[in-house]
Each structure stands twice: as C-alpha cells, then as structure tokens.
There are 2 protein chains.
Amino acid sequence: MARAGLTADRLVQAAAELADEIGFDKVTVSALARRFGVKDASLYSHVKNAQDLKERVAMLALGEMADLAADALAGRAGKDALVAFANTYRTYAKLHPGRYAAAQLPLRPEAAEASAARRHSEMNRAILRGYGLPEPAQTDAIRMLAGTFHGYVTLEMAGAFSHTPRETSVSWSRTLDALDVTLRNWPPE
Amino acid sequence: MARAGLTADRLVQAAAELADEIGFDKVTVSALARRFGVKDASLYSHVKNAQDLKERVAMLALGEMADLAADALAGRAGKDALVAFANTYRTYAKLHPGRYAAAQLPLRPEAAEASAARRHSEMNRAILRGYGLPEPAQTDAIRMLAGTFHGYVTLEMAGAFSHTPRETSVSWSRTLDALDVTLRNWPPE
DNA sequence: ATTATTTGCCTAATACCCCTAGGAAATCTA
DNA sequence: TAGATTTCCTAGGGGTATTAGGCAAATAAT
C-alpha cells in the first residue's frame, strides 16, 4: 500500500487552502484527512491535535502577511507606506479569507512568541516613524491603526457594509486619507 | 416528574450567560441541556437547532447593545455622543465577552433584518449628524467609525495590546480624541 | 542483501456533539 | 374529567476529536 506522503507542513498548507475554500471554522481534522484520502487518526503523527493544526495555520498566515507587508513597505514612507501597508492586509483578507480568519486566532503566549506578531508591530512602528509621533502617542496611534485596519476589513468581509450602495473600496480609501490626516494632526496631551 | 420549565427565551438567556462564562464558541446544545439538567433532545422543542440558538444569542446581544447605546446617546451631541457611544460597545464587550462575540456572528439576511442592526446604523448616523458631514463622506465616516470601534475592542479583548505596558484605556481615549479630530477635519474630495 | 529500525498509516474503541422520531407524562382547555 | 397540547424522555443514527496498539513500507545498519 503506497503512502500518502503526509508531513506537518503539507497538512498545514492544505488546511490553509481548505480554510480559504470552506471557512476556517470548518477546517476539521476529518475534512483534512478526507482531502488526503487518509483516516483521521493518521494525522496525529504529524500534528498534536486540532488546536495545534489551527495554530499552525494561524502562524502560516501571520508569516505570509508579514512577508507581503514588508515587501509593500520597501522604499515607501509617510502616507505611501501607510496605504501600502493597509492594502496588504485588506487584499490578503480578500484573497485568503480563511487564512485571515486563522490569523485572528488567539495564540497561546508561547505560540505568539514564535509567530510573526513582532514583525507586524515593528512594521506598524516603522510607518508611524514617518509621522514623528513621540511616545506614548506612538503606541496609542499604533493601536488605533491596527484596530481600524482590522475592524474595517472584518466588517467588510462579514458583509456589514453591504446594505449601503457606496463602494467599500472607496470608503476604504477615504478612511486611509482620514487616518493620514489624523496622524499628521494627532491631538496633544 | 417535575418539568424544568424551559422556554426559548430562558434558553437563549442561559446560553448568553454561558457564552460569557466559557466563550461563545463553546456554547453547545449539550452544555446548555446539562445546565438545565435535561437531555439534549429536549431543547429541540424550543429552538430549531444549534445555529438557531446561536443566532438568537446574537440578536439578544445586538438588542442589548442597541438599548444601552440609545440610553448613552440620550441628550448628548458631538464628541460627547461619540465617546458615550463608543464606550457603550467597549464596556459591553468587557462585561459580556461571549455575547459580544455572538453579536459578530454573520446573520442570514432575514435574521439580520429582524435584528437591531438597523438601530445601530441609525445611531451611527445620528452621531455623525453632529459633525455635519455630507453624503457620501458620511457613509465613509460611519464605516471608519464602526471599523475602529470594533477592531480596537476585538484586538484589545484578544490580548493583542498586552505586550506594551501602556494602559489600553488611555490609548482608547486618545483614539477617540483622534477620531473626533478626524471627523471635524474630514478630508474633502 | 538481509536485518533491524524507524516511521506512516490503519483498525479499534471511547467520548462528545448534533439531530430526528416516536412515546409517556405533566399541564392546559372545554 | 376527558381530550388536546406541550414538555421532556428514550432510542438511535451520524459526525468529529483523540488515544492505543498493530502491520507494513521506507530507511538505516550490518
């Protein structure tokens, strides 16, 4: 009997694809095993359990997003960088909704440490540097930025904006314009 | 044999409490049945299925938040209204994390119609009126507001801000200050 | 090339969870 | 109080997560 050639990496990769196809919450050990034409139990030699599998998908997504964002950021500064960075996330979410959802998974502290989370916040800070905000305003602004990007993309994907005719991409651009203005006029105190 | 006195409302109420205690994703028909000392099958006379139960919790949460927001908004305008409104959501999320998560559940169009979703966007618009933004800027601003509130609260709850010592409540206040500035200086075009 | 060893996948079994069908008892109605 | 209704139960089918233990295939050692 020929083997299926499973490895942890191939499982995670396939799970990520599955997530984009059917939704991250529907990614299950069984479904993944089915996709490989293999019994459920066979996956447990490569992956600790379902939680572990999901965390690995999350880390894959975080890494991919960090890579893309780093590329987008290269050679840009100021509003240019802000827009490029923001669009990276939004585009990734549209292209890979399952992976994006995975990236939202609350990671255990240890897993978070091993993830690309740090790179993300580094990049956030790099963008902010262009605006010359002193600490602690910088931290406040980073949190606002992260929240706005994430919230907008999440709500848009959930269809929360679909009741109003206005093109969501346009609102997104205006939101980025507004954020740029905000950062340039960050309130003192 | 005495009856447990189940009704759809009591089930939904209990499910909401359960969600706040153990997390919305862990709310299950079985767990709920256990809480009432009843067999799983008994719940199906009151609730169509697990999905239905979850949707009802979502609608309960949306309604509660709308009520609270409406109260908070009463008699306020401008930045005052903005802050009161935003704090309603954030406070609710902290007090009722499970319900807040439930409110994020993508509802089927029909369920969404019956929900308090419309009240929420009405209130968003009411706040914006104070800033005198013309359409379509108003729609763009609403989307930005909703995204920022939701994103910030979600990330904060997920612990995404806990690696930096700065108090998240302070960053939240500064974010609201910044939003106020943004709305007063909404970029033209 | 034959053993020995590791590794990959399987069978079997347990424990939950979701849900349907049909029955009996508690409660309401006439 | 007889009948109708509602509430909850038993039984049972199907899906997912996970562990334990076994055989066979790929790999390493002799």
Side-chain angles (χ1 to χ4, degrees), chain A residues 1-60 98-99 101-102 105-108 110-111, chain B residues 1-60 98-99 101-102 105-108 110-111:
Chain A
M1 198 61 174
R3 292 187 181 178
L6 304 184
T7 69
D9 282 348
R10 300 181 70 165
L11 285 178
V12 173
Q13 188 63 42
E17 286 161 18
L18 200 54
D20 289 335
E21 289 167 25
I22 63 175
F24 182 60
D25 49 312
K26 296 194 184 58
V27 171
T28 159
V29 174
S30 302
L32 193 54
R34 257 193 305 277
R35 167 154 302 206
F36 280 96
V38 143
K39 299 294 174 180
D40 297 10
S42 306
L43 303 197
Y44 288 87
S45 336
H46 305 282
V47 148
K48 205 153 120 289
N49 53 33
Q51 179 62 24
D52 178 39
L53 174 67
K54 286 178 187 174
E55 272 178 18
R56 285 175 192 245
V57 175
M59 292 176 52
L60 170 70
R99 285 155 146 103
L105 192 73
L107 294 177
R108 287 168 298 97
E110 1 151 15
Chain B
M1 198 63 172
R3 290 186 182 176
L6 305 184
T7 68
D9 282 348
R10 298 182 72 166
L11 285 179
V12 173
Q13 188 64 41
E17 285 159 19
L18 199 55
D20 289 336
E21 289 167 25
I22 65 175
F24 182 59
D25 50 312
K26 294 193 186 57
V27 171
T28 160
V29 173
S30 302
L32 193 55
R34 255 192 306 277
R35 166 155 303 206
F36 281 97
V38 144
K39 299 294 177 182
D40 296 11
S42 306
L43 303 198
Y44 288 87
S45 334
H46 306 282
V47 148
K48 202 152 121 293
N49 53 34
Q51 179 62 24
D52 179 39
L53 173 67
K54 288 179 185 172
E55 273 178 17
R56 285 175 191 246
V57 175
M59 291 178 52
L60 170 70
R99 285 156 148 102
L105 192 74
L107 294 178
R108 287 169 297 100
E110 1 151 13

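Below, chain A is the first sequence line, B the second, and so on; all start at residue 1. Computation of the quantities below employed the complete heavy-atom set of this structure, encompassing side-chain atoms and omitting hydrogens, waters and symmetry-equivalent molecules.
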Presence of salt bridge, A:Arg99 and A:Glu17, under 4.0 angstrom: no
Under-4.0 Å salt bridge between B:Glu21 and B:Arg35: yes
Figure out the [atom1]/[atom2] separation between [X] and [N], and round it to whole Å.
X: B:Leu43; N: C:dA21; atom1: CG; atom2: P; value: 17 Å
X: A:Ile22; N: D:dT16; atom1: CD1; atom2: P; value: 10 Å
X: A:Asp25; N: D:dA17; atom1: CG; atom2: P; value: 12 Å
X: B:Lys54; N: C:dC17; atom1: NZ; atom2: P; value: 12 Å
X: A:His46; N: D:dA17; atom1: NE2; atom2: C1'; value: 17 Å
X: B:Lys39; N: C:dC17; atom1: NZ; atom2: P; value: 12 Å
X: B:Leu11; N: D:dT7; atom1: CG; atom2: C1'; value: 12 Å
X: B:Asp40; N: D:dA11; atom1: CG; atom2: C1'; value: 13 Å

Given [options], the nucleotide with the shortest approach to the side chain of [X]:
X: A:Ala41; options: D:dA11, D:dT19, D:dT16; value: D:dT19
X: B:Ser45; options: C:dC18, D:dT16, D:dC8; value: D:dC8
X: A:Thr28; options: C:dC10, D:dC8, D:dA17; value: D:dA17
X: A:Tyr44; options: C:dT20, D:dA17, D:dT7; value: D:dA17
X: A:Ser30; options: D:dA17, C:dC9, D:dC8; value: D:dA17

Side-chain heavy-atom pair B:Met59, B:Val12 within 4.5 angstrom cut-off: no
Close side-chain approach of A:Val27 to A:Leu32, heavy-atom, < 4.5 Å: no
Touch class at under 4.0 angstrom, heavy-atom based, for A:Ala50 against every strand present: sugar-phosphate
Donor-acceptor contact present, side-chain B:Asp20 to main-chain B:Gly98, <3.5 Å: yes
5' precedence on DNA chain D between A:Lys48 and A:Arg34 (nearest-nucleotide basis): A:Arg34
